[in-house]
Amino acid sequence: MAKELTSRKENYSQWYNDLVIKADLAENSAVRGCMVIKPYGYAIWENIQQQLDKMFKETGHVNAYFPLFIPKSFFSKEAEHVEGFAKECAVVTHYRLKNDEHGKGVVVDETAKLEEELIIRPTSETIIWNTYKNWIQSYRDLPILINQWANVVRWEMRTRLFLRTTEFLWQEGHTAHATKEEAIEETMKMLDVYAIFAENFMALPVIKGVKTESEKFAGAVDTYTIESMMQDGKALQGGTSHFLGQNFARAFDVKYLSREGKLDYVWATSWGVTTRLVGALIMAHSDDNGLILPPKLAPIHVVIIPIHRNEEQLALITEKAESIRKLLESKGLKVKYDGRDTHKPGWKFAEYELKGVPVRLAIGPRDLENNTVEMARRDTLEKLVVSADGIDSTVTQLLDAIQENIYTRALKFREANTIKVNTWDEFREVIGVKGGFAYAHWDGTSETEARIKEETMATIRCIPFNGDTEEGQCVYSGKPSKRRVLFAIAY
RNA sequence: CGGGGUGUAGCGCAGUUGGUAGCGUACCUGCUUUGGGAGCAGGUGGUCGCGUGUUCGAGUCACGCCACCCCGACCA
């Protein structure tokens, strides 16, 4: 494992790009840093969306939609927020093109300059709070529990497929509450929703915690996060939930009259996850043969491949395969029968492994004689000849086993690569040489945090909710520390 | 915005002192194959990133421009 990890670390980018492109997930478009999400990749995102949306609704939220364009002036209202996003905003300055007089194609019509520039949303706090201002007068109007599925644009200097693209898809929840306690409860509740989704559906173990002052969301009082470990030992932030305090209510002057007749600013939260989750799935579970998808999010659960020598055989196998397909589909599984004769069985095996289909069934002449099928599981690549009778329950059980197995595998990997360090040498060993998470004491200052980042590239991923609370000495400065925090190099 | 690279067939690349544009793969046709990415034979496909110059002659040399990639600051 160690060697494999090392080699991946060196070629991670190449490995990842090859995989994604070959896996028919995405390709670079002509637009800088944007991505085309191909149908199969989008199907994974749709499954993520569907499940999360269900969980949001179960916790009392409703969906709505706000504009893509935000007037520039909205951004200047919350100082920290503009500080955090100003450097990565795409700005619309004109609204018309015209034909160039000198025949040089189409040019911007300078006479069509906007009076006030529009920002393409990097996140929607400002436009949503500008709207909430008109919706909230009394405690009877609260809480507002709204979620939006949308695209956003952040003009980052460096982009990376799925992890950091210029335009990405996400959901953003924006809630307004009468009390501080209620808002904090909401923040925690949604962090839990994300954690449960990650662990139960993505088979991705996560560490819940709070961000430090320097890593928190621009404009938040506190930012909570779920952090997970990728196969190269780096950390990936999977989702965030922010307690915004009264910052945005103050900035947009959103007050309500309480039961006691007192006028006060409302309390806010926001929370989101993005298409980065698809990247997390790829990097957490895949192997050198391609993707390994958790059955609960896989666009195809089972692929059936015929093995035949002639047309008559294919006809018989197809008949058998179709009956199995119908049976499996009646159990709610998504099944694909690939009876194309333009590709050989071996080619198809490799193809569906690349795509991460959890279970493959192969049916050949021998199986017709014996009433069997060859069943292969993607996570371990094991093959087993099983009876065609009761194939539905055999497959269902295997899918459950795969879901469980890849979660356990990821958890064990994380545990094996998470080390409590007590000295600076140990810290550098774990972060710089081995690769992984380091639990270390920290003196609580931003200065120390910045120094460590400068020297090792490692950042404090979070101050975990669970974990040691014993006191100690900062691994860098030697000053007193209240507790250990989680350090890692992050994507 | 700094540092370093690369632009030649759909993709990945070679192209020597300047002399008719190549290889692998993919694609198309035919035959044989089909239980782990088949074999053989034949074939399609290129304004060598763009422009200017040097030369009898430029993928190759010179100058200018453009695009993309990697590393930093930034970041879900």
Side-chain angles (χ1 to χ4, degrees), chain A residues 10-14 17-18 21-22 27-33 83-89 121-123 150-172 194 211 214-218 220 223-228 235-242 270-280 289-290 305-311 313-314 317 338-355 360-370 372-376 381 383 385 450 453-454 457 459 461 489-491:
Chain A
E10 282 160 8
N11 308 309
Y12 212 84
S13 181
Q14 190 57 47
N17 285 334
D18 278 357
I21 290 163
K22 279 187 192 157
E27 63 186 18
N28 291 311
S29 78
V31 184
R32 177 200 166 281
E83 175 81 10
F85 285 101
K87 283 176 284 185
E88 53 191 54
C89 287
R121 63 178 165 222
T123 179
N151 57 340
V152 290
V153 167
R154 296 185 188 174
W155 216 265
E156 305 288 356
M157 284 298 172
R158 301 205 51 217
T159 60
R160 200 160 179 196
L161 223 52
F162 279 118
L163 299 186
R164 195 168 45 247
T165 43
T166 298
E167 177 185 0
F168 56 94
L169 307 183
W170 79 347
Q171 64 62 217
E172 46 181 329
Y194 289 152
K211 287 285 186 189
S214 62
E215 294 277 328
K216 76 177 191 190
F217 176 74
T223 289
Y224 299 89
T225 178
I226 53 171
E227 298 282 332
S228 54
L236 188 77
Q237 179 176 312
T240 47
S241 184
H242 314 289
S270 69
W271 27 272
V273 298
T274 76
T275 35
R276 169 180 264 201
L277 288 183
V278 180
N289 291 325
I305 296 170
I307 297 160
H308 61 282
R309 287 176 196 281
N310 51 50
E311 291 295 317
Q313 269 182 2
L314 179 60
I317 292 168
D338 190 348
R340 289 179 296 173
D341 62 357
T342 50
H343 294 286
K344 294 180 58 175
W347 191 93
K348 293 177 189 169
F349 291 175
E351 175 71 6
Y352 292 103
E353 276 168 15
L354 202 57
K355 288 189 165 177
R360 179 186 72 233
L361 301 178
I363 305 174
R366 285 208 299 267
D367 298 303
L368 285 187
E369 278 177 34
N370 305 329
T372 55
V373 296
E374 183 192 79
M375 181 172 78
L381 297 172
K383 288 190 283 197
V385 176
K453 183 177 181 182
E454 210 171 292
M457 283 164 65
T459 49
R461 299 321 303 152
I489 295 176
Y491 276 100

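Each chain gets a letter, A, B and so on, in the order the sequences are listed, and its residues count up from 1. Only a predicted model underlies this, so the values are computations on that prediction, with no experimental measurement involved.
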Kindly point out which of [options] is positioned nearest to the side chain of [X]?
| X | options | value |
| --- | --- | --- |
| A:Glu88 | B:C74, B:A76, B:G37 | B:C74 |
| A:Phe349 | B:A76, B:G35, B:G36 | B:G36 |
| A:Arg360 | B:G35, B:C75, B:G36 | B:G36 |
| A:Ala362 | B:A76, B:G36, B:G35 | B:G35 |
| A:Trp347 | B:A76, B:G37, B:C74 | B:G37 |
| A:Ala350 | B:G35, B:C75, B:G37 | B:G37 |

Can you check the [X] [atom1] to [N] [atom2] distance for me, whole Å?
| X | N | atom1 | atom2 | answer |
| --- | --- | --- | --- | --- |
| A:Leu314 | B:U34 | CG | P | 14 Å |
| A:Lys344 | B:U33 | NZ | C1' | 6 Å |
| A:Lys355 | B:G37 | NZ | C1' | 14 Å |
| A:Glu83 | B:C75 | CD | P | 10 Å |
| A:Trp170 | B:A76 | CH2 | C1' | 7 Å |
| A:Lys211 | B:A76 | NZ | C1' | 10 Å |
| A:Glu311 | B:U33 | CD | P | 14 Å |
| A:His242 | B:C75 | NE2 | C1' | 13 Å |

What's [X] touching, base or sugar-phosphate or nothing? Going by heavy atoms closer than 4.0 Å.
| X | result |
| --- | --- |
| A:Thr342 | nothing |
| A:Lys453 | sugar-phosphate |
| A:Asn310 | nothing |
| A:Thr274 | base |

Heavy-atom closest pair, residues A:Tyr491 and A:Arg276: O-NH2, 3.7 Å
Atom of A:Cys89, atom of A:Pro122 and distance for their closest heavy-atom approach: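 It is SG-CG, 4.0 Å.
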Looking at [N], which nucleotide sits across from it as a Watson-Crick or G-U wobble partner, both distances under 3.5 angstrom, or is there none?
| N | value |
| --- | --- |
| B:A21 | none |
| B:U6 | B:A67 |
| B:G35 | none |
| B:G72 | B:C1 |
| B:A41 | B:U29 |
| B:C61 | B:G53 |

Between [N] and [M], how far apart are the two [atom1] atoms, rounded to whole Å?
| N | M | atom1 | answer |
| --- | --- | --- | --- |
| B:A9 | B:U44 | C1' | 11 Å |
| B:U54 | B:C63 | C1' | 11 Å |
| B:U8 | B:A67 | C1' | 15 Å |
| B:A38 | B:C1 | P | 49 Å |
| B:C28 | B:G10 | C1' | 14 Å |
| B:C48 | B:A14 | C1' | 13 Å |
| B:C27 | B:G15 | C1' | 24 Å |
| B:G59 | B:U47 | C1' | 12 Å |

Cation over ring face, A:Arg360 and A:Phe349, 6.0 Å, 45°: yes
Geometric class of the A:His343/A:Trp347 ring pair [parallel <30°, tilted 30-60°, perpendicular >60°]: parallel
Base B:C75 to side chain A:Arg164, donor-acceptor N/O within 3.5 Å cut-off: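 Check passes, donor-acceptor contact within cut-off.
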Distance-only donor-acceptor test, A:Lys383 side-chain atoms vs B:G35 base atoms, 3.5 Å: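 No pair found.
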Toward the 5' end of RNA chain B, by each residue's nearest nucleotide, A:His308 or A:Met457: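 Nearest nucleotide further toward 5': that of A:His308.
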Which residue lies more 5' along RNA chain B, comparing A:Ile307 with A:Arg276 via nearest heavy atoms: A:Ile307
Below 4.0 Å: OP1/OP2 of B:U34 and any side-chain N or O of A:Arg309: yes
B:A38 phosphate, OP1 or OP2, under 4.0 Å from A:Lys348 side-chain N/O: no
A:Arg121 versus A:Thr123, side-chain donor and acceptor atoms under 3.5 Å: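 Short answer, no.
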Matching residue for A:Phe217 among A:Tyr224, A:Trp271, A:Phe85 - test: ring pair (Phe, Tyr, Trp, His ring centres under 6.0 Å): A:Phe85
Straight-line distance of A:Leu169 CG to A:Asn151 CG, nearest 0.5 Å: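 One gets 6.5 Å once the value is rounded to the nearest 0.5 Å.
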Side-chain donor/acceptor of A:Thr459 to backbone N/O of A:Arg461, under 3.5 Å: no
